[in-house]
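So the structure is just underneath, and the comments pick up after that.
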Amino acid sequence: MKADLNTLLKPKAVAIIGASRNPDKVGNVILKNYIDGGYGGRLYPVNPNADSVLGLKAYRSVLDVPETVDVAVIAVPAQIVPGVLEECGQAKVRSLVVVSGGFAEVGETELQDRIVKIARKYGMPMIGPNCLGVMDTRSRTDTLFLPTYKITRPQVGFVSFISQSGAVGSTVLDVIAGEGFGLSKFISYGNAADLDEVDLLQYLMDDEETKVIVMYIEGIKRGKEFVELARKITRKKPVIVLKAGRTSAGSSAAHSHTAALAGDYAVQEAMFRQFGFTVANDLSELIYFSKIFASETEPRGNRIAVVTNGGGAGVLTADAIASSKRLRMAELSAKTSRALRGRMPKLVNIRMPLDLAGDADEKRYGDAITAISGDPNTDMLVIIVLYQTPGADSTVSAAIVHLKEVVDKPIVVMSTGVGYTQAQKVQLESGGVPVYDSPAALVSSLEALLEHAEYLETHK
Amino acid sequence: MALMDYMRAKAILDKYKIRSVPSRYVSSAEQAVSFAGRDSIALKLLSDKVLHKSRAGLVKLNLSGAGEIGRAFGELKRKGRGIRQYRIIAQKMAKPGVEAIIGGNTDPQFGKVLLLGLGGVYVEAFGDTQLRLCPITKYDAGQMIDGLRSKDILTGNGKSRDMLVELLMQASRLLTNNPRIKELDLNPVILRDGSYDAVDIRVLV
């Protein structure tokens with residue numbers, strides 16, 4: 001089945017079933033988020049005990065709604081979900097998001113099987129149950145029952161994120177909202193009773209608003225179909241995966257050494273690597289890798305030039321690069337060295353890492369980056385900006401964003417700090433320049449970028 | 001699952017041009033001595049009840065001469081009394097080298113999986129292994145080798161690396177073409193400068 005997720009993600013009309021008047025109830029929060037989020041389509045609260053909810057006319061049943069809705073968001077107790085889905089089917093609802101919990105995750109597999117049967121009988125693709133549902137920053141559909149004052153929604157971007165877990169999903173969303181690279185779509189698919197990761201990835205593979213796919217996954221439901229898709233998907237766009245279950249031990253009753261060493265997690269991780277997925281070890285790496293791929297640059301090699309306005313930070317970064325198996329420090333050509341000597345003040349030593357000194361401003365940064373990016377001995381540029389110094393301000397950020405546009409090599413920034421630095425980070429990332437706060441994060445991200453480029457190179 | 005007879009498993013490896021040390025079952029010390037000729041041999045007690053043969057003292061290595069072989073054979077016989085079904089196999093000693101493990105398993109979701117790692121007693125100590133789904137490509141084989149921390153130990157030079165790539169490809173073909181084979185352990189495979197011998201074979205069907 002290839003589900004048409006466009007109906008789910010770009011709905012023109014949405015019914016919210018279980019839209020309570022009580023602001024503490026899930027259905028109320030969902031409706032409020034639609035209203036506050038600036039959703040431009042038509043909204044139909046369904047509530048048999050109210051005439052209006054949050055100022056909108058309420059309907060007793062989805063059957064009373066005056067038009068055929070694209071999505072029904074279901075936020076009612078599990079026991080009455082089957083009846084509600086029957087009504088949705090009769091009302092010719094086009095797709096479903098079942099937020100309600102109380103199904104297979106608590107052992108109610110029969111109840112879950114029943115709702116899948118109803119959804120399929122009426123041809124309504126279903127997300128859930130037991131999930132946060134879907135969010136699309138462009139259509140502004142947002143079924144998440146998380147109040148917007150507690151979790152800011154990310155800005156519009158090209159990274160799409162699917163998560164089996166709602167809790168991990170919302171945490172990552174919260175973090176992404178504080179980064180500058182933005183989000184395209186978020187899908188929390190819970191028990192995956194109908195639509196599962198294969199359906200979602202298939203859709204995102206061809207989605208023009210998605211350039212990077214990020215997934216948090218606990219288990220894969222359809223191994224064969226997943227592998228078939230895995231062979232194709234990473235050649236079209238990078239896929240970053242965080243897989244839970246690392247510690248589940250291999251079967252102790254194994255008959256051979258190999259069986260003991262090839263547990264579920266090990267096999268799945270191997271499969272991800274074999275087919276060119278980028279495997280993140282934790283939530284931080286998931287964010288780090290997202291931003292490097294979101295910057296849409298392709299490295300042609302592994303030689304890194306480092307420019308800094310702080311000597312110590314330059315040395316720490318050079319150490320991290322030198323310790324990497326994949327990366328190495330660039331050596332400037334004689335021509336670049338001469339050009340830099342002509343443009344840099346005397347106190348700047350022309351060598352790698354290039355320390356521009358504590359008073360470096362946007363002009364010095366600009367001159368250095370321009371000279372080094374043209375050097376054939378350099379493949380990627382790491383720009384360290386310590387915004388705590390007097391010369392480094394938003395004009396430096398603007399210069400870097402501008403140079404990112406004209407330079408044909410990956411440029412990343414390393415900058416550590418809060419407050420002022422955080423604001424600069426968002427400015428840089430909105431301009432497509434990834435910002436890291438530690439040499440380790442930077443190095444693992446550049447390695448991931450390089451590894452993916454090598455995979456593509458060898459799988460043409 | 002059942003352990004496939006050693007000599008049958010060896011015949012399958014032969015078919016896939018995966019080299020293993022010359023072996024035969026022996027039912028007496030005399031047979032073992034005549035199989036050895038002038039070479040040194042190993043004697044092993046094989047039983048599907050036992051996975052860790054060397055830990056259980058069921059492997060006797062570097063035996064030569066009628067006296068040494070006879071004593072080892074007698075000792076294995078005595079140990080065999082506690083194990084109902086077993087056979088004793090005599091094998092020519094492989095030339096020394098680095099021990100690798102090459103293995104196969106059947107994942108319920110993804111099917112046949114190939115494993116490479118630093119072998120012998122190091123398998124469990126270091127857990128330095130790489131897995132891939134079968135069938136693998138030449139690229140995958142290279143990535144498996146490069147993914148090991150012990151890659152420089154296993155492949156000293158380009159010749160050894162090419163040989164190991166080819167061996168992995170053959171093992172992947174064997175696993176892919178034989179759905180009956182659920183698990184495979186070649187542990188150890190002794191690698192040395194451009195050559196190798198699989199010394200122990202376990203095939204589960």
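What you are looking at is a predicted structure, and each value in this text was computed from that prediction instead of being measured. Numbers restart at 1 for each chain; the letters A, B, ... are given by sequence-line order, proteins then strands.
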Original post:
Looking just at side-chain N and O atoms, do B:Gln31 and B:Ser27 make a donor-acceptor pair shorter than 3.5 Å?
Top reply: yes

Subject >> Derivation and outcome, side chain to side chain contact (heavy atoms under 4.5 Å, CB included), residues B:Asp185 and B:Asp200 >> reply: CA-CA 8 Å; B:Asp185 263 353; B:Asp200 199 23; over 6 Å; no

Subject >> For A:Ile127, the option from A:Val98, A:Leu200, A:Asp194 that meets side chain to side chain contact (heavy atoms under 4.5 Å, CB included) >> reply: A:Leu200

Subject >> Presence of salt bridge, B:Asp197 and B:Arg192, under 4.0 angstrom >> reply: yes

Subject >> Derivation and outcome, salt bridge (Lys or Arg N to Asp or Glu O under 4.0 Å), residues B:Asp39 and B:Lys92 >> reply: CA-CA 7 Å; B:Asp39 300 327; B:Lys92 292 281 168 79; 3.2 Å; yes

**OP:** State, yes or no, whether a side-chain contact exists between A:Pro410 and A:Leu449 at a heavy-atom distance under 4.5 Å.
**Re:** yes

Original post:
Does anything in residues 223-235 of chain A get under 4.5 Å of chain B by heavy atoms, and if so which residues?
Top reply: A:Gly223, A:Lys224, A:Val227

